[in-house]
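Shown next, in structure tokens, is the structure this report addresses.
Atoms within each ligand, like the ligands themselves, are counted from 1 in listed order.
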Amino acid sequence: MAEQSSIHGLWRSRWLFILAAAGSAVGLGNIWKFPYITGENGGGAFVLVYLLCIALIGVPVMIAEVLLGRTGRQSPINTMTAIAKDQQVNPAWAGIGWMGALSGFLILSFYSVIAGWALNYVCTTAMGVLDGVSAAQSGETFSALLASPLTLLFWHSAFMLLTLAIVSRGVNKGLESAIKLLMPMLFALLALLLAYAFTLEGFWQGFDFLFSFDLNKLSSDGVIVALGHAFFTLSLGLGAIMAYGAYMPANVSIGKTVLLVGLLDTLVALVAGLIIFAIVFSNGLEPSAGPGLLFQTLPVAFGQMPFGTLVGSLFFILVAFAAWSSSISLAEPVVAWAVESLGMSRMRAAIVVGLVAWVLGLGTILSFNLWSDVTLFGKTIFATLDFLTANILLPLGGLLIAVFVGWRMKASDVQTEADMGSGVLYALWRVTLRYIAPLGIAFVLYNGLK
Ligand code: PFF
């Protein structure tokens, strides 16, 4: 395809792309979701499968997704439309973009509610409400939050506004400035908390829980959750990374860059796991507590340590920051599309996208209280949205991306755009993308849904 240019701007450097993509990838998925699904799925064996999914499926698909974005240089919907036309394949391939837009709305709707929990905890921790709490008291505080639709609504609205404030400012003034500030702080705080966790008596028990593999503990459900999480945590399969790829400068090696993003994301998840399970085991808590794990366990530790109020508030600020740099990437693909195709201003597009996701979020809010017994396939609304997006739509999006880049695009075009030369690395990527990733995803999806 002839060289395209992005009307939305470009990241100013390779590092800014890395920070932005890492900002999208590192989020609630790493700090909140990874520890609790690991706890629910029995620990080490689940972690092993998750790591395999990242390496054999996630990273190859991520390279393909960035490549598509950089080739098309538009929102995912228009990028896929343009590339399908250029490659003279069925225009229905643009469906990858449309399906991604749907997933983006659904995820943003519940993501904002959970990020709202973090905002709420910034306040409760800073005001000293959680000073010296026992595990039981901390559990009660969390249940009280979930039981209050209005409190949840308030924080959900606040978080959605924060997201819109950045997205409406655009790539350089909005996304880039926010990310430059947020990411280094996030890394610093995680390092500090890891050092603290290391001093706890339960550290090695947590370590064992994460890294000792007992395959008997793994269910087939666990495998689909691990694959789904690999997509969720790397922000793959819905076009977020494609949109960010569209703003990537031309002279940057996609392969190496993506590898770094994948490593950073995995590192943050493992460190978050080490911190949280150290606290869980040091305080005799349950690793399988579910979605409340992060919010019930950490306050217990903060309540006991010196300067706990300060460290605790900072920690929840960072959870919120991590979520913020991810939520902007959920909104960006659709906002960019509305700017390109509906001729909206960025501001207006951001407001419309935010409003739709905000309304959808009400379903998640109510699923924790008034509608807690409304279920679909035995799951609450929140659990359904989470399952449908992470475990079905994202892997399906990833499967289509792998097949499109691996089998439908001309190999010579792919090789030129990938810019990885023709050596071992490129060959390895081609093979994983064409065979291992699609077969792996199809196998897990088929077995998981059967
Ligand atoms: N990767 C983010 C996280 O781990 O929290 C969540 C996410 C962001 C998923 C953007 C999908 C996406 F497009």
Please state which protein non-hydrogen atom is closest to atom 2 (C) of ligand 1 and give its distance, to 0.1 Å?
S24 O, 3.3 Å
Any idea which protein heavy atom is nearest atom 12 (C) of ligand 1, and the distance to it?
L330 CD2, 3.4 Å
Six-ring centre of F232, K33 cation under 6.0 angstrom, axis tolerance 45°:
yes
Decide whether an N or O pair under 3.5 Å exists between [X] and ligand 1.
| X | value |
| --- | --- |
| G29 | yes |
| Y111 | yes |
| L28 | yes |
| F232 | yes |

Can you tell if the side chain of L293 reaches within under 4.5 Å of the side chain of W32, non-hydrogen atoms only?
no
Does any non-hydrogen side-chain atom of Y247 lie less than 4.5 Å from one of L16?
no
Could you check whether any heavy atom of F34 sits closer than 4.0 Å to an atom of ligand 1, since that is the contact criterion I want to use?
no
Closest candidate by heavy atom, reference atom 8 (C) of ligand 1, pool S235, A322, A243, A240:
S235
I'd like to know if K379 and D386 make a salt bridge, using a cut-off of under 4.0 Å between side-chain N and carboxylate O.
no
Ion pair present between E176 and R169, side-chain N to carboxylate O less than 4.0 angstrom?
no
When the ring planes of F142 and W117 are compared, do they come out parallel, tilted or perpendicular, using 30° and 60° as the limits?
perpendicular
Just jot down the ligand 1 atoms closer than 4.0 angstrom to any heavy atom of A25, in number order.
1 (N), 2 (C), 3 (C), 4 (O)
Which pair of heavy atoms, one from P299 and one from Y121, lies closest together, and at what distance?
CG-CE2, 3.8 Å
